[in-house]
Structure formats: structure tokens, C-alpha cells
Amino acid sequence: QVQLVESGGGLVQPGGSLRLSCVASGNIFRIQAMGWYRQAPGEERELVAAATNGGPGTYADSVKGRFAISRDNAKNTVYLQMSSLKPEDTAVYYCNAAIQVTRWSVLGTYWGQGTQVTVSS
């Protein structure tokens, strides 16, 4: 069983910063990629940022230059540093990971429970 647990969400004023964290635990052989999605009320879930093993981060155009994704592979953790936050960044942020649970298994997709980020004055 694999679990992803996010933390770090909250209420922040426009222009402020937050750092989200997500830790993967359980039966993990290899993590291929980790990333962040978000979903605002009435909207579809969208990719915010993703980081594959050894590759550069991928970002949605709306967050380029403001958000930075990083991974600590030793801790099975992914971070999302969010700066210059805007009201339109308000959403539930979900951690996502592509994980191989054994040497012989295929990659599976796992989701965290989500953490609320609200940008408001």
C-alpha cells in the first residue's frame, strides 16, 4: 500500500509565499515522477508542476517563474515552493506520483488527499 500525504497549505495574502510538501510512504521500489495538480471550484484538475528522475521540472504556463518544484529522493518527498501568489492560485492542491511497488510491477499512479491553498486579502 502506498500513501501520499501533503502538508503546508493555508491562507496567504496576494504576493505571499507558501511551501507544500508531500511524502510518499509504504511499499515503494522506485518513484519515477512526482508532481502537483490543483483543482479550483467548478474547474477541472490541472497540472501545476512535475519532476521526473533526473529531468528538469515541468510547469504550467500560469505558474512559470513563480513556483518551483523540487524532490528529496532519499525522503521520497516532493516540494512546491510557491511565490508571488495570486487569488487565481486558490485551489486544492494534490500530490501525484508514478510509483513502481516491486521490481516486476508496472508504474501505478497515486494521489494524495489534497491540501487547500487560499490566496486572499
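- Note: the hydrophobic cluster containing M34 also contains Y59 (ILVMFWY, side chain heavy atoms under 4.5 Å, direct or indirect links).
- Closest approach of A24 and I99 over heavy atoms only: CB-CD1, 4.4 Å.
- Within the structure, the disulfide (SG to SG under 2.5 Å) test picks out the following pairs touching residues 16-71 (sequence neighbours left out): C22-C95.
- By the 4.5 Å heavy-atom criterion applied to side chains, T109 and N96 are counted as neighbours.
- Linking Ile, Leu, Val, Met, Phe, Trp and Tyr residues whenever their side-chain heavy atoms come within less than 4.5 Å leaves V23 and L80 in two separate clusters.
- Residue pairs satisfying the side-chain hydrogen bond (donor to acceptor under 3.5 Å, both in side chains) criterion with at least one member in residues 70-81, sequence neighbours excluded, are listed as follows: N53-R71, R71-N73.
- Screening residues 110-121 for side-chain hydrogen bond (donor to acceptor under 3.5 Å, both in side chains), with sequence neighbours left out, gives E6-Q113, Q116-T118.
- Here OG of S25 is found 8.0 Å from CG of L4. Values are rounded to the nearest 0.5 Å.
- Contact check for V117 versus M82: side-chain heavy atoms found under the 4.5 Å cut-off.
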Can you give the donor-acceptor pairs under 3.5 Å from side chains of residues 39-51 to other protein atoms, not counting sequence neighbours?
from: Q39; atom 1: NE2; to: E43; atom 2: O; distance (Å): 3.1
from: E46; atom 1: OE2; to: R38; atom 2: NE; distance (Å): 2.7
from: E46; atom 1: OE2; to: R38; atom 2: NH2; distance (Å): 3.3

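- Residue pairs satisfying the side-chain hydrogen bond (donor to acceptor under 3.5 Å, both in side chains) criterion with at least one member in residues 10-24, sequence neighbours excluded, are absent.
- R30 places no side-chain N or O within 3.5 Å of a backbone atom of Q100 that could act as its donor or acceptor partner.
- When side chains are defined from C-beta on, F67 counts as touching L85, because their heavy atoms get closer than 4.5 Å.
- Annotation: side chain of V2 is in contact with side chain of V101 (closest heavy-atom distance under 4.5 Å).
- The CH2 atom of W36 lies 4.5 Å from the CG atom of L20; values are rounded to the nearest 0.5 Å.
- Following chains of ILVMFWY side-chain contacts shorter than 4.5 Å, one can reach V119 starting from V63, so the two form part of one hydrophobic cluster.
- Residues I69 and G57 come closest through the heavy atom pair CG2-CA, 4.1 Å.
- Looking at residues two or more places apart in sequence or on another chain, you find a salt bridge (charged side-chain N to carboxylate O under 4.0 Å, His left out) between K64 and D61.
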